[in-house]
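Below, read A as the first sequence line, B as the second, and so on, with proteins coming before strands; counting in each chain starts at 1. Values below: all heavy atoms of this structure, side chains included; hydrogens, waters and symmetry mates excluded.
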Amino acid sequence: MKIHHIGIVTSDMDEALTALDLDRNNVSEVVFDPIQKNNLYFIHLPENDLWLELIEPMSDDASTVRFAQKNGLGLHHLEIGTDELEAVEAEYQTRPGAFVLGRYTITVNSFGGQIRTLFIAVKGLILEFVKVVK
Amino acid sequence: MTELSEKEKKIVRFFVEREGTGILEEIRDIDFLEVGIMDSLDIVSLAVFIEQEFGQKIDLTNPQTMLALRRFDSLVALIRD
């Protein structure tokens, strides 16, 4: 298993960047997700070969708005790269305590173009599996 | 609150453990998400609870199911007897 990125939700992007000792110059790409209604800020950490995805809800019905209201700033999910999204989903659906939360397609050039994602919760842990399509 | 069925008692326990007994006064009247009692991770906790207590795995990708989880009476109806 290779962790590709860590998703962090914030209600205040500058506060999140300061907490991580980063600034807006470290952000390589900003993507608005029209389905989940979040702004996504992508930051590469070359020392770790890892990406950070900072997530800022942009409306009252954004998928992360209540998490942001509750925590202000907090670790939201771990993302794992895979070529076998369907197999991953089939496997987790049979596991006790595991629930599929959603499937999305979005273009993130920092991740190689169009990606398909699968969000799964295992109790309080949210995992996002990502497959690069093109 | 009117007398509760065994199924309702189990569901009430989930909320009382989190919010205290004060929630009993309004549990049938509130939208759990709207009043801030539950966020998306709490919904997962509720789904885990339902799976453990009732042996029913609910589909969190179904919008109708997600809607039903927001209110007590629709939540009760969602769980099979």
In terms of heavy-atom proximity below 4.5 Å to chain A, should B:M66 be classed as side chain, backbone, both, or neither? neither
Greatest number of non-hydrogen atom pairs under 4.5 angstrom with chain A, of B:G36, B:S45, B:A47, falls to B:A47
Using every non-hydrogen atom in the two residues, find where A:N109 and A:E29 come nearest and quote the distance to one decimal. N-OE2, 3.0 Å
Is B:L33 in contact with chain A via its backbone, its side chain, both, or neither, using a 4.5 Å heavy-atom distance? both
Mind ranking A:S63, A:A121, A:G97 by heavy-atom pairs under 4.5 Å with chain B and telling me who comes out on top? A:G97
Can A:T10 and A:D12 be counted as having a side-chain donor-acceptor contact under 3.5 angstrom? no
Can you tell which part of A:K123 gets under 4.5 Å to a heavy atom of chain B, answering side chain, backbone, both or neither? both
Pairing donors with acceptors under 3.5 angstrom, does anything connect the side chains of A:N38 and A:T64? yes
Please look at A:Q93 and chain B and tell me whether the side chain, the backbone, both or neither of the residue comes under 4.5 angstrom of a heavy atom of that chain. backbone
Pair B:E8 + B:R28, salt bridge at N-O below 4.0 Å: yes
Run the salt bridge (charged side-chain N to carboxylate O under 4.0 Å, His left out) test against A:K131 and tell me which residues pass, sequence neighbours left out. none
